Engineer: 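The structure is given below, and queries will be raised subsequently.
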Amino acid sequence: MEAYIRGIGNISPQHSWGNVILAEDIVSYEGNRLNCIEPDYKEYIKPIQRRRMGRILKMGVSAAGKCLRDAGVDMPDAIIMGTGLGMQGDTEKFLKAILDNDEKFLTPTSFIQSTHNTVGAHIAVMLKCNKYNFTYVNDNLSFEGALLDSMIRLSDDPSEKILLAGIDEMTDSYFCITKNAGFWKEDISDNLGLLKHAGPGSIAGEGASFFIVTGETHPDNYARFAGIDTFYKPESDKEIDDFIIAFLAKRSLSLDDIDLIITGINGDSRWDSGYFRLQDTLFNGKPLAYYKHLCGEYYTSSSFASWLAAGILKTQSCPETILLNNNEVNKPIRNILIYNYLRNTNHALILLSVC
Amino acid sequence: MEELIQKLKEEIIEVLNLEEMEPGDIDPDAPLFGEGLGLDSIDALELIVLLEKNYGIKIEDPKDGRKIFFTLRTMAEYITEHQK
């Protein structure tokens with residue numbers, strides 16, 4: 001069960017529109033919230049369509065358009081999305097209108113755009129794509145669900161070209177509520193120095209990472225998703241270790257075959273200890289990396305990590321800013337393991353390999 | 001009347017999020033739907049809500065909307081006639 005990445009379209013707080021991250025383009029932010037660098041939407045969305053779209057919808061439609069162009073695909077065989085919050089902005093707008101107007105004067109636009117599957121549905125309408133269309137909403141495993149579904153479909157029919165995505169936005173209201181819940185650091189001055197700011201909380205982020213995946217090999221493929229698995233609330237360190245070892249063994253690999261491990265370290269001292277334990281034990285001696293200082297914490301951030309890994313495998317070059325330790329990244333870089341969890345509840349492993 | 005038309009232009013731009021238009025771009029005598037501004041059925045619902053919310057005018061029969069929302073001027077005339 002494999003999924004080759006044929007095309008990419010990525011909008012993130014970094015200059016990711018060019019598909020491969022460059023060390024000199026890394027963007028530094030002040031404060032505890034990272035917002036996406038949005039492209040010029042005019043190239044991808046007509047004004048008459050754009051005027052009614054919320055911010056995340058514009059991001060999704062543009063990233064999808066870029067991804068399809070990059071892959072040379074006009075019509076995908078399936079659209080499979082993952083999102084933790086869906087159209088959060090329009091949902092808030094609609095709910096606010098209900099409260100402000102005492103349940104009267106409700107307009108349709110924000111209502112019809114307030115469902116989680118709006119982005120996937122809108123892309124389908126624009127493309128006139130009547131094929132399989134599914135949106136997974138499952139906290140920080142939303143992208144993982146979409147990826148697993150894509151890989152299962154490709155195991156049945158490797159010729160399919162599937163539009164796969166992870167997408168979430170950070171709105172002012174959601175940021176404020178989660179800030180009050182202690183999700184974000186209060187005193188951080190620089191996202192690139194995330195790990196220097198010890199203590200609870202992370203930095204908020206958002207992004208829209210789109211991939212065209214297929215079961216067919218091609219010289220233009222970036223990399224391939226070689227495995228995905230998840231586990232829930234592990235009760236012991238041994239359970240985590242055993243799961244990681246078994247995940248690799250199922251794919252006839254061991255940790256010796258992994259050239260880089262990208263972890264979901266997010267600077268929150270309450271939860272990061274799980275990653276640091278692995279650094280000193282199971283992952284000892286391996287080059288470790290992290291990515292949430294670049295994109296922030298959000299439910300589908302593993303799609304950003306997947307984009308990052310695909311770029312590293314394609315270019316055989318790893319930006320130093322993501323490296324956690326001094327262990328050398330051996331070339332050629334063949335296999336990258338992404339290990340991400342949120343508040344020690346939903347854990348996920350994604351394996352990306354060179355084509 | 002001209003003052004109301006100007007006000008409506010600004011309200012329509014805001015409500016329908018016509019982000020690339022200025023009030024001066026809207027011809028008060030051009031059709032709002034189809035060939036003119038190119039509005040659609042969702043916009044019609046937005047305009048019905050605008051009339052009720054901003055001017056206290058409730059359109060009981062949606063079929064009347066075709067006449068009321070034909071142009072910006074017909075809309076302004078309807079408001080002038082029916083506003084309490």
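Given the structure is predicted, the values throughout are model-derived calculations rather than measurements. Throughout, a chain's letter reflects where its sequence line sits, starting with A, and its residues are numbered from 1.
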Engineer: Counting heavy atoms not belonging to A:K131, are there more than 12 under 6.0 Å from its NZ?
Structural biologist: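 Yes - once you tally the heavy atoms of other residues, nucleotides and ligands closer than 6.0 Å, there are more than 12.
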Engineer: Give a yes or no on whether A:N180 atom CG has more than 12 heavy-atom contacts from other residues, nucleotides or ligands under 6.0 Å away.
Structural biologist: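 Atom CG in A:N180 is crowded, with more than 12 foreign heavy atoms closer than 6.0 Å.
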Engineer: Checking B:L16 against chain A: side chain, backbone, both or neither under 4.5 Å from a heavy atom?
Structural biologist: both
Engineer: Is A:D40 atom CG crowded by more than 12 heavy atoms from other residues, nucleotides or ligands, each under 6.0 Å away?
Structural biologist: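 Yes.
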Engineer: For the candidates B:L18, B:I42, B:L39, which exhibits the highest count of non-hydrogen atom pairs separated by less than 4.5 Å from chain A?
Structural biologist: B:I42
Engineer: NZ of A:K161: more than 12 outside heavy atoms within 6.0 angstrom?
Structural biologist: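 Yes - once you tally the heavy atoms of other residues, nucleotides and ligands closer than 6.0 Å, there are more than 12.
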Engineer: By a 4.5 Å heavy-atom criterion (distance strictly below it), what part of A:I112 contacts chain B: side chain, backbone, both, or neither?
Structural biologist: side chain
Engineer: Looking only at heavy atoms, what is the nearest atom pair of A:F105 and B:E52, with distance?
Structural biologist: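 Of all heavy-atom pairs spanning A:F105 and B:E52, the closest is CE2-CG, 3.2 Å.
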Engineer: So which of B:I48, B:D40, B:L50 has the biggest tally of heavy-atom pairs under 4.5 Å with chain A?
Structural biologist: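 Greatest number of close heavy-atom pairs with chain A: B:D40.
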Engineer: Within the supplied structure, the quantity of interest is the number of heavy atoms (other residues, nucleotides, ligands) at a distance under 6.0 Å from B:E14 CD; does it exceed 12?
Structural biologist: no
Engineer: Rounded to the nearest 0.5 Å, what separates atom CG in A:L106 from atom NZ in B:K53?
Structural biologist: 9.0 Å
Engineer: Should we say atom CZ of B:F33 is surrounded by more than 12 heavy atoms from elsewhere, each under 6.0 Å from it?
Structural biologist: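 Atom CZ in B:F33 is packed in, count exceeds 12.
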Engineer: Measure across A:R51 and B:N17 and return the closest heavy-atom pair with its distance rounded to 0.1 Å.
Structural biologist: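 Answer, listing the atom of A:R51 first, then B:N17: O-ND2, 2.5 Å.
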Engineer: Rounded to the nearest 0.5 Å, what separation is found between the OG1 atom of A:T107 and the CG atom of B:D43?
Structural biologist: 11.0 Å
